[in-house]
Amino acid sequence: MVRQTFHHELTDLEQELIRMGALVEDQLRRAVRSLTEQDVVLAHQVIADDDRVDAMEMDIERRCLTLLALQQPLASDLRVVSTVLKIITDLERMADHAADIAKVTVRLNHEPLVKPLIDIPEMARVTSSMVRLALNAYIHRSIEEAMTMIRLDDAVDHLYARVFRELLEIMRSQPEAIGQGTYLLFVANYIERVADHATNLGEWVIYMVTGRRQELND
Amino acid sequence: MMKNAGRDVGGAPDIAVRQLSVWYNQMPALQNINLYLGAGQVMAIIGPSGCGKSTFLRVLNRMIERLPSVRVEGAVRIGHFDVFDDHVDVTGLRRAVGMVFQHPNPFPMTIFDNVAYGPRIFGIKSSAQLRKTVEDSLKQASLWDEVRGKMRRNAETLSGGQQQRLCIARALAVHPEVLLLDEPTASLDPVSSAKIEELIVQFKSHYTMIIVTHNLQQAARVSDVVAFFEQGRLIEMGYTQDIFTAPKEKRTEEFLTGRFD
């Protein structure tokens, strides 16, 4: 191993990426919990913690650019650094959506829910497992795990369509629920977007392993 | 593979190597090399020291024969030259295949005479014609503006980078079709190196070029295709972009990422 120092730095970088991913997954879970449990305090924590995600993104980005400039990585090393650079952008957007969901909790401010939330937490559960699977696929350099994760996006899309129809129906029959219904539609849309970003992670893992870019999310 | 990408390649020839093996005193230096380089393309050869890179270059213009106890097997074709055919015109081959070395090696004579050396050997006597050839070659090598009016100075008074461009001009003066560059910037400072690299890029499609370099970034910047040699074998050859982002062979990967002992 002639480039040990560089490879240690690369490993450190990847560990930091996984830490950022775990934080983002946690942000999503806590944001949705703040909504289902109407926990405004938790929601404020999620919103505040978004700064931590942003700081991690900046730090990882700086480290990637430093490695590119100083180490001129090639082949799989180059793919790792460029994959990390791309993935942190997706992770940062996912965290923004988590904060957006928490902001809805704050806006609703204990207003009684028009219906018990079932499909939205289910969407969030599938989506956060997608994030975890994507990170595992990254760690294991596994195309199969990435593909399995990407296929879960269909379930999220399916749930999203159902939530959309139900909320539309509620808003039609109860015009006083239009305000809250619209916020809940936003939430469903945020979660659906997070799942799309998760599929991007899977596509980047596949690129990192194979060197080929392919669009798998339609 | 490796055809030229729709470039007008003028007189630049393609190069085909088939089952090429070379031994020095029974020691294999190259083993069963097969490759094809399209006309007007630039190939970079990379690989660890002793992998056979320089031997390969020296096969192409039959310079290898000047070494004692060398045995060459296989076939090399450069355009219409069947390089190892008994009836090949070796003088014509060496005119067509120019070479530039790691250390600038100007002859101990004037700048003018250095560049005019080859054309004179090939029988050009008219001083007007020689002056034109020398000027054209120096312009092509981006040295003319720095040496015009100093033609009678000894070439050894030039800086290292200028000497290397003089050697390139000297190679160009006999109108070669192929340029072999053996670590042409290894002894130059970064600015001089950048000038040589810029020449290589400008020369693309006018000449078919093979550059041996230990500088991977340089190979990435100037070449169309990359060949990775290891222990006398061609491990992998492919488009530069593919080799440097996603090589197919594990050995190439290990070399490029420094994961080898």
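Computed from a prediction, not measured in an experiment: that's the story for all the values here. Naming: A, B, ... by sequence-line order, numbering from 1 per chain. Values below: all heavy atoms of this structure, side chains included; hydrogens, waters and symmetry mates excluded.
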Output for pair (B:Glu254 CD, A:Ser76 OG), nearest 0.5 Å, gives 9.5 Å

A:Arg93 CZ: over 12 foreign heavy atoms closer than 6.0 Å: no

Between A:Arg79 (side chain) and B:Thr245 (backbone), is there a donor-acceptor pair under 3.5 Å? yes

Can you give me the closest heavy-atom contact between A:Leu78 and B:Phe244, atom names plus distance? CD2-O, 3.9 Å

Neighbour count >12 (heavy atoms, 6.0 Å) for atom CZ, B:Arg18: no

Candidate pair A:Arg3 and B:Arg259, rule side-chain contact (heavy atoms from CB on, under 4.5 Å), full reasoning: CA-CA 7 Å; A:Arg3 297 189 73 183; B:Arg259 284 185 178 83; over 6 Å; no

Atom CZ of A:Phe164: over 12 foreign heavy atoms under 6.0 Å: no

So which of B:Thr257, B:Thr252, B:Leu256 has the largest heavy-atom pair count under 4.5 angstrom toward chain A? B:Thr257

Around atom CE of A:Met58, are there more than 12 heavy atoms of other residues, nucleotides or ligands at under 6.0 Å? no

Polar side-chain atom of B:Glu253 near backbone of A:Ala75 as donor-acceptor pair, under 3.5 Å: no

Take atom CZ of A:Arg19 as the centre, draw a 6.0 Å sphere, and report whether it contains more than 12 heavy atoms from other residues, nucleotides or ligands. yes

